[in-house]
Participant: 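Sharing a structure, written as structure tokens. Questions coming.
If you read the sequence from its start, that first residue is 1, and numbering goes on from there. Model, not experiment: these values are computed from the prediction. Computed from heavy atoms alone, side chains included, the values below leave out hydrogens, waters and symmetry copies.
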Amino acid sequence: MGKGLTDAQIDAFRRDGVVFPVRLYPQTEAAQFRSALEAIEASRAGRLPPALNAKPHLLIPWLWDMVHNPCLLDAIEDLLGPDLLCWGSSFIIKEGHSPRHVTWHQDQTHWGLNAPRAVTAWLALSDSGPDNGGVQMIPGSHAQILPHRDSGDRLNMLGRREEVIGGVDQRSAIDVRLRPGEMSLHDPLIVHGSPPNQSSERRIGFAMRYIPATVAQRSGARNFATLVRGRDHGHFQLEQAPAAPFHPDALRHHGESIRHGMAVIFDKSDRQPEASAPKGLDG
């Protein structure tokens, strides 16, 4: 048995590249988080602006606490080891009857890390499934890095509109069905995407991305990350907890982290290889 996952769950993650559902919070607590998010959105013209939705755990104390949740980190440690960084976080929201979607892709295409070792924890704050644009995954597709291209699709929710070149055999896709407070854990190289939300209800998720502290940016640049467990290995500049929601010091620190991170990720000299390459043994 692992600290947070059963042997069967760990085996499923290694084999398939994804495991779900994993209960992290009771539904009542997930509802409180959703209400807190929607209160923030209401105070900011109805949404959290994109610039503040990159690493919002640096701005909002309850999100800082969430990325440090011991039960969550126990599960991540089972997959990545004891020294852990939170490399990023963001809300991923689809409004009711929205045509926006996510093309088939691998997460780590443009991260510029020197090894494909990471885990994304995707926490549902609403129901998430095929009726409202829930995530779909291709089990076992995390065996290699695949070439991507710009889809040119303005409705693609991905920052670079990337998609796997050559298409995907969707017959093997599975729906990641989650209830509020449940999460999925997925490998950075599993091929996944999601269709439009055809329901009248919002689909709300919070993605938290973790890497081992032994991993670094391929370029050698010292990007920013949050040490959440264990020992720092010196590859990243460490981020600070917010003293209060959107505190001026937190906004300055957040801005520095995001500007530096964008410069690293969008550095053309550090792009992911276009040709397929073997995956790391532990990824």
Side-chain angles (χ1 to χ4, degrees), residues 2-5 10 13 22 24-25 33 51-92 107-108 110-123 183-188 205-265 267 270 280 282-283:
K3 283 187 172 184
L5 299 175
I10 295 171
F13 183 89
V22 178
L24 184 60
Y25 295 104
F33 291 138
L52 300 182
N53 190 29
K55 298 190 178 185
H57 70 276
L58 301 183
L59 299 170
I60 302 169
W62 57 268
L63 290 178
W64 178 270
D65 293 341
M66 186 180 288
V67 303
H68 287 80
N69 181 306
C71 294
L72 168 58
L73 296 183
D74 283 348
I76 302 298
E77 181 174 339
D78 288 341
L79 303 175
L80 295 179
D83 300 332
L84 299 171
L85 299 168
C86 180
W87 190 80
S89 68
S90 61
F91 287 102
I92 306 176
D107 280 340
Q108 203 169 310
H110 300 297
W111 290 3
L113 299 176
N114 65 2
R117 295 198 62 214
V119 173
T120 295
W122 201 102
L123 174 67
M183 65 179 176
S184 62
L185 302 172
H186 71 261
D187 185 280
F206 185 60
M208 298 166 278
R209 308 187 189 283
Y210 295 92
I211 60 174
T214 53
V215 168
Q217 296 290 161
R218 192 166 54 240
S219 65
R222 290 186 74 232
N223 201 348
F224 282 74
T226 301
L227 181 67
V228 292
R229 176 169 286 186
R231 181 172 66 89
D232 175 36
H233 289 244
H235 300 307
F236 289 81
Q237 302 179 67
L238 299 184
E239 294 163 330
Q240 305 164 9
F246 304 101
H247 188 280
D249 290 341
L251 285 165
R252 283 191 292 270
H253 177 64
H254 174 264
E256 181 184 9
S257 175
I258 298 305
R259 286 191 298 272
H260 192 87
M262 294 292 283
V264 170
I265 294 170
D267 180 357
D270 197 36
D282 298 322

Participant: Starting at CG of Leu52, measure out to CG of Leu58 and round the result to the nearest 0.5 Å.
Facilitator: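 So the CG of Leu52 and the CG of Leu58 are separated by 11.0 Å.
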Participant: For Gln240, check side chain to side chain contact (heavy atoms under 4.5 Å, CB included) against everything at least two apart and list the hits.
Facilitator: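 Gln240 satisfies side chain to side chain contact (heavy atoms under 4.5 Å, CB included) with His253 only.
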Participant: Looking at every heavy atom in both Leu185 and Ala121, which two are closest together, and how far apart are they?
Facilitator: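 Residues Leu185 and Ala121, closest heavy atoms: CD2-CB, 3.7 Å.
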Participant: Residues in side chain to side chain donor-acceptor pair (under 3.5 Å) with Thr226, at least two apart?
Facilitator: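 Thr226: side chain to side chain donor-acceptor pair (under 3.5 Å) contacts with His57, Glu239.
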Participant: Testing the basics here: between Ser257 and Lys55, what is the closest heavy-atom pair and its distance to 0.1 Å?
Facilitator: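 It is OG-NZ, 3.3 Å.
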Participant: Is there a side-chain contact between Leu79 and Leu5 (heavy atoms, below 4.5 Å)?
Facilitator: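 Yes, close enough: below the 4.5 Å cut-off.
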Participant: Which atoms form the tightest heavy-atom contact between Ala118 and Pro188, and what is the distance?
Facilitator: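 Between these two residues, the closest heavy atoms are O-CD, 2.9 Å.
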Participant: Residues two or more places apart in sequence or in another chain: which of them pass side chain to side chain donor-acceptor pair (under 3.5 Å) with His233?
Facilitator: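 Here the qualifying residues are Asp83, Arg231.
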Participant: Could you measure the distance from the CZ atom of Phe206 to the CG atom of Asn53? Nearest 0.5 Å is fine.
Facilitator: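 If I round to the nearest 0.5 Å, the distance is 8.0 Å.
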Participant: Between Ile76 and Met208, does a side-chain contact (heavy atoms from CB on, under 4.5 Å) hold up when you go through it step by step?
Facilitator: CA-CA 11 Å; Ile76 302 298; Met208 298 166 278; over 6 Å; no
Participant: Which pairs with one or both residues in residues 242-252 pass salt bridge (charged side-chain N to carboxylate O under 4.0 Å, His left out), sequence neighbours excluded?
Facilitator: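 Output for this query lists Asp249-Arg252.
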Participant: I need the Gln217 CD to Arg222 CZ distance, nearest 0.5 Å.
Facilitator: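 Output value for this atom pair is 11.5 Å.
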Participant: Does some side-chain heavy atom of Phe13 sit less than 4.5 Å from a side-chain heavy atom of Val119?
Facilitator: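 They are in contact (side-chain heavy atoms under 4.5 Å apart), so the answer is yes.
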Participant: What residues, two or more places apart in sequence or in another chain, satisfy side chain to side chain contact (heavy atoms under 4.5 Å, CB included) together with Asp65?
Facilitator: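 Not a single residue meets the side chain to side chain contact (heavy atoms under 4.5 Å, CB included) criterion with Asp65.
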Participant: Nearest 0.5 Å please: distance from the CZ atom of Arg218 over to the CG atom of Leu113.
Facilitator: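 That separation rounds to 8.0 Å.
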Participant: Write down the atom of Trp122, the atom of Gly205, and the distance for their closest heavy-atom approach.
Facilitator: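 For Trp122 versus Gly205, the nearest heavy atoms are CH2-CA, 3.5 Å.
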Participant: Mind listing the closest non-hydrogen atom pair of Leu73 and Leu84 along with its distance?
Facilitator: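 Looks like O-CD1, 4.0 Å.
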Participant: Please answer whether the main-chain N or O of Phe246 pairs with a side-chain N or O of His254 as donor and acceptor at a distance below 3.5 Å.
Facilitator: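 Here the side-chain-to-backbone pair does not exist.
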Participant: Test Leu72 against Val67 for side-chain contact (heavy atoms from CB on, under 4.5 Å), laying out the working first.
Facilitator: CA-CA 8 Å; Leu72 168 58; Val67 303; 5.7 Å; no
Participant: List the residues meeting side chain to side chain donor-acceptor pair (under 3.5 Å) with Trp64, not counting sequence neighbours, and say none if there are none.
Facilitator: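 With sequence neighbours excluded, Trp64 shows a side chain to side chain donor-acceptor pair (under 3.5 Å) to no residue whatsoever.
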Participant: Supply the atom-to-atom distance Tyr210 OH to Leu80 CG, rounded to the nearest 0.5 angstrom.
Facilitator: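 It is 10.5 Å, given to the nearest 0.5 Å.
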Participant: Scan for side-chain hydrogen bond (donor to acceptor under 3.5 Å, both in side chains) pairs involving residues 68-77, sequence neighbours excluded, and state none if there are none.
Facilitator: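 Sorted result for residues 68-77: Lys3-Glu77, Tyr25-Asn69, Asp74-Arg229, Glu77-Arg229.
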Participant: From His235 NE2 over to Asn223 CG, what is the distance, rounded to the nearest 0.5 angstrom?
Facilitator: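 Spacing of NE2 (His235) from CG (Asn223) equals 13.0 Å.
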Participant: Identify the heavy atoms of Leu24 and Cys71 that sit nearest to each other, and give their distance.
Facilitator: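 Nearest pair, atom of Leu24 first, then Cys71: CD1-CB, 4.2 Å.
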Participant: List the residues meeting side chain to side chain contact (heavy atoms under 4.5 Å, CB included) with Ala250, not counting sequence neighbours, and say none if there are none.
Facilitator: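 Scan of Ala250 (side chain to side chain contact (heavy atoms under 4.5 Å, CB included), adjacent residues dropped) gives Leu59, Pro242, His247.
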Participant: Who are the side chain to side chain contact (heavy atoms under 4.5 Å, CB included) partners of Asp107, not counting sequence neighbours?
Facilitator: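 If we apply the side chain to side chain contact (heavy atoms under 4.5 Å, CB included) test to Asp107, skipping adjacent residues, the hits are His105, Trp111, Thr120, His186, His192, Arg209.
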